Structure formats: structure tokens, C-alpha cells
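All figures in this text were calculated on a predicted structure; none of them were measured in a lab.
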2 protein chains.
Amino acid sequence: MSDSKSESNTLVKGGSIRAKNKQRILQAAEQEFAKHGYKGTSVQAIADSVQLPKANILYYFKSKTGLYKALLTDILEMWNEGFSADGDEKPPSDVIRDYIIEKMRYSRSHPLRSKIFAMEIIQGAPNIRDVIEQPMIEWSKHKSNIIQEWVDDGVIGKINPLYLLFLIWGSTQFYADFDREIELIQGRPLSDDEYSEAEKFTVDIVLKGLGLS
Amino acid sequence: MSDSKSESNTLVKGGSIRAKNKQRILQAAEQEFAKHGYKGTSVQAIADSVQLPKANILYYFKSKTGLYKALLTDILEMWNEGFSADGDEKPPSDVIRDYIIEKMRYSRSHPLRSKIFAMEIIQGAPNIRDVIEQPMIEWSKHKSNIIQEWVDDGVIGKINPLYLLFLIWGSTQFYADFDREIELIQGRPLSDDEYSEAEKFTVDIVLKGLGLS
DNA sequence: GTCTATACAGAGATAGAC
DNA sequence: GTCTATCTCTGTATAGAC
């Protein structure tokens, strides 16, 4: 309408067209960035996908980098949310099982986000080092401390907690990041049942490998 | 001995400036493509790196895509070379151990190649699907057949060979592709000793997880 | 065979009409 | 607040001088 002036940068809520558009843009950006990488994605392609003018997107997010950072911040938040449940009272085997399953489910439900994150890390996190550096360090320290306690208590053998984390991360993220390779090899994507089997297999190997089952 | 070279995708005219330049270009391309992805890498950047005119590179390799494909073909050949030794006589535990160690060593010595390959797969292999499709299918079929025999013979439990391969691939490639993440978390890269520990850890978990040790 | 100069397409970003 | 038109830069690729 003709409100000549409005609160420009206060928090945006439900009804506004702006908020809805931003959500749609982020969703389209997720697809494009995952398919073509940061540099390989053009703002125009995202604009076409959501059928909005290119300038509109740049107006909302200031720049292509701004959009990309916003997306990666979203991804990182969901990431940390998802895996923040710490083994309070649960026995180690349950904590590890739940963690692996959680990561596998995330790979299943959000492969694009995993891919974007993976490519960013592979390239040395040139765009978002400042955003992810601290959270990632703290969070991995936290997790490895928990594992270290198990080692100190003699519940599991003398291992370096980091290598266990790396094994879990690598083997679970594989299902998201390399799903195309799996599809290529199998001739088709994994079914839900097969995916459950893969979950179970990964849990079994790790637990048995640690002497926990 | 002398200059008999095992160059793959070009006919070699011994000792020519052209051949040497092509090698230098491929090496520089490896660095650039790993750092910025396919689209994010400019021919100019590669030219600057090897201190040759941009047109020279395009003359040698026809196009940017031509250079990229040449590089990926090289990578794929080394990949298959490296892991083609099939232990028909060796016991399963040795085969698996050797395989994991081989993959870990490859991640250690050729992280850039692993990264380029990873990014290409993550994006759905848009550039080289025709090059990698058949070899990858055949080779993984071959490997999983070997594992399936162990299952049939009762040497290891009833598992889907593919999931074992995925676990090994994911957990070993992690050390190459995400070395920056490891460096971030640790504050420094893994030392040779730490890397050996990681190798040993991964082998132990997998073998014990399979009931082979 | 090698490199300089340039053509041409497409990128991100912005000014200004609506 | 939104979008059309445009500016400028950088990319790939090539034509033609050496």
C-alpha cells in the first residue's frame, strides 16, 4: 500500500510476503548450490527457479555471498540442534547407536544440505570459516570429551576419540554426499528398507568394533 | 630409466616442451580445481600458476572442459591401478586390512585428487559421467563379489557387501576430503604418527566389527 | 608452435522508474 | 517495497601476428 515509511529492519514475522519469499529463495538456493557449487550457481538460476526477479533476491540478501552465508548458517544451526542431545545417563552403546542413526537419518532427509556443507569444507571453507569455526571446534571437543570419559572409565578400549568421530562422520555422510555414486553402482537409489539395513550395519560394525555388543 | 613416461591421455613425443608443459599444467589444475571447484576455477588462474599464456593452455587441451576431463581421467586411472590387487590367496582379514591401509595412504598422499573426485560425484558427475560410469560399476561389482564369497563361505557374517564398501570408502576418504576440518578441530594437521594411529584404529574397528580379529 | 589482442557471453551488482 | 534496465567486470575462446 502507501505506507511511505515502515520499520525497515525489525524482525519479520509470519504474514509478510518478504518472509515467505526468503524461505522460498533459500529452498531454491539449496538445490542450486548443491548441484553446481557456490561459484557454479548463478543468482539468475535461483531467480528463475522461484520466478522472482534477480534484483529481488539481491535486495533481500544483499549479495550472492549473503544468501549463501544465510543458507549455511541455517544448515549449521539445524546440524547442531539435531546432534545436541548428549548422553546424560544413557550407556555408551546407546549414545553411539543413537548418534549414528541420527546422522544417517539426516543424510537421508537432507542430502542437499550435507552436500553443500561438504563442498564448502572440501574447499577449505573459504566463505564461511568465520561462521563455522568456533561452533565446530567447541562441539567436537564436547563430544570427544564424553568419549574420553568412557576410555578413562575403561568402558571402551584405549582409543583416540577423534578417530571414532571421524569414522562415524565419514561413513554416515557418505550416504548423503555420494548418493549419486550409490545410485550409479546399484542402478537405482537405496530403498527405505535398504537404508535401514545400512543403518543397522553401520551401528553393528562400530559397536562390535568397540567391543560394546 | 630415461624419459619413457607412463603418460596416460596423450601421445608422448619424448621430451618435448609440450609434454612437459602439459604435465605442469595438469599439476597446477589439480591445485586450482581442488580449491575452487570446476566452475570456480579460471583458466587464467592456472595460467598464472604455471606462468604460461592462457591461450597456450587452451591450445593444448582444446577447452577448459578438456583439461578437466584429462585430469579426471588421470585420477581415475591411478585410482583403479592402486586398488586392483585382488587377494585371491590372502585371508579376508588381510585383504580388508590392506585395502583400508591402501585407501588411507592414498588419502594421505593425494588429497587434492580425492577432493576433485569427491566434488564431482557430489554434484552428480555432470562432467565425467561417461568416463567414470562403467569402470566404477564393474570395479565395485568385482569387489563386492569377493566379499559375497566370504559371506557364502561363512567366513564373515551375513552382510550386504556394498555397505561394507561404503563404510570403508566413507571413513577413509574423510581423511583426504575433510582434512581442513580435521585441521580446524585439532588446531593443526595430523602428524605422520597420528595418521598411522588413525589407520590402525580404522582397521581395528572394521575387522573386529566383522568378527575377524 | 607460441603468444598478443580481442570478440562475445554471462556474471554480480545497482540506479531509478513504478 | 518491487522490478526493469543497465553498468562493469571477468570468463572462455579464438583470430591472427610473430
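Here the P atom of nucleotide C:dG1 and the NZ atom of B:Lys22 are 11 Å apart, to the nearest Å. Summarising the geometry, the separation between NZ on A:Lys62 and C1' on D:dT2 is reported as 14 Å, rounded to the nearest angstrom.
Under the side chain to side chain contact (heavy atoms under 4.5 Å, CB included) criterion, A:Gln134 pairs with A:Ile137, A:Glu138, sequence neighbours left out. Looking at residues two or more places apart in sequence or on another chain, you find a side chain to side chain contact (heavy atoms under 4.5 Å, CB included) between A:Arg180 and A:Lys115, A:Glu183, B:Arg129. Listed by chain and number, the residues in a salt bridge (Lys or Arg N to Asp or Glu O under 4.0 Å) with A:Asp94 are A:Arg97 (sequence neighbours excluded). A:Asn127 pairs by the side chain to side chain contact (heavy atoms under 4.5 Å, CB included) definition with A:Tyr38, A:Tyr68, A:Glu120, not counting sequence neighbours. Under the salt bridge (Lys or Arg N to Asp or Glu O under 4.0 Å) criterion, B:Glu194 pairs with B:Arg188, not counting sequence neighbours. In this view, B:Tyr195 and B:Tyr175 satisfy the ring pair (Phe, Tyr, Trp, His ring centres under 6.0 Å) rule, not counting sequence neighbours. For the side chain to side chain contact (heavy atoms under 4.5 Å, CB included) test, residues two or more places apart in sequence or in another chain that qualify with A:Thr41 are A:Glu32, A:Phe33, A:His36, A:Ile46. In this structure A:Tyr163 satisfies the ring pair (Phe, Tyr, Trp, His ring centres under 6.0 Å) test with no other residue, sequence neighbours excluded. In this structure B:Lys200 satisfies the salt bridge (Lys or Arg N to Asp or Glu O under 4.0 Å) test together with B:Asp204, sequence neighbours excluded.
Near DNA chain C, meaning a heavy atom under 4.0 Å from it, residues 26-39 of chain A has no residue at all. Shown for residues 44-56 of chain A: residues whose heavy atoms fall under 4.0 angstrom of DNA chain D, namely A:Pro53, A:Ala55, A:Asn56.
Side-chain contact between A:Phe174 and A:Ile182: present, with at least one pair of heavy atoms (C-beta onward) separated by less than 4.5 Å.
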Let me have DNA chain C in dot-bracket notation, would you? Count Watson-Crick plus G-U wobble pairs, both distances under 3.5 Å, and use [ ] for pairs crossing earlier ones and | for inter-strand partners. ||||||||||||||||||
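The shortest distance between the side-chain N/O atoms of A:Tyr59 and the OP1/OP2 oxygens of C:dT14 is not below 4.0 Å.
Contact annotation for B:Tyr60: backbone-only contact, meaning every heavy-atom pair under 4.0 Å involves sugar-phosphate atoms and none involves a base. Among the heavy atoms of the strands lying under 4.0 Å from A:Thr41 are primed sugar atoms or P, OP1, OP2 only; no base atom is included.
For the pair B:Ser107 (side chain) and B:Thr172 (backbone), a donor-acceptor distance under 3.5 Å is present.
The side chain of B:Arg18 lies closest to C:dG1 when the candidates are C:dG1, D:dG1, C:dG12.
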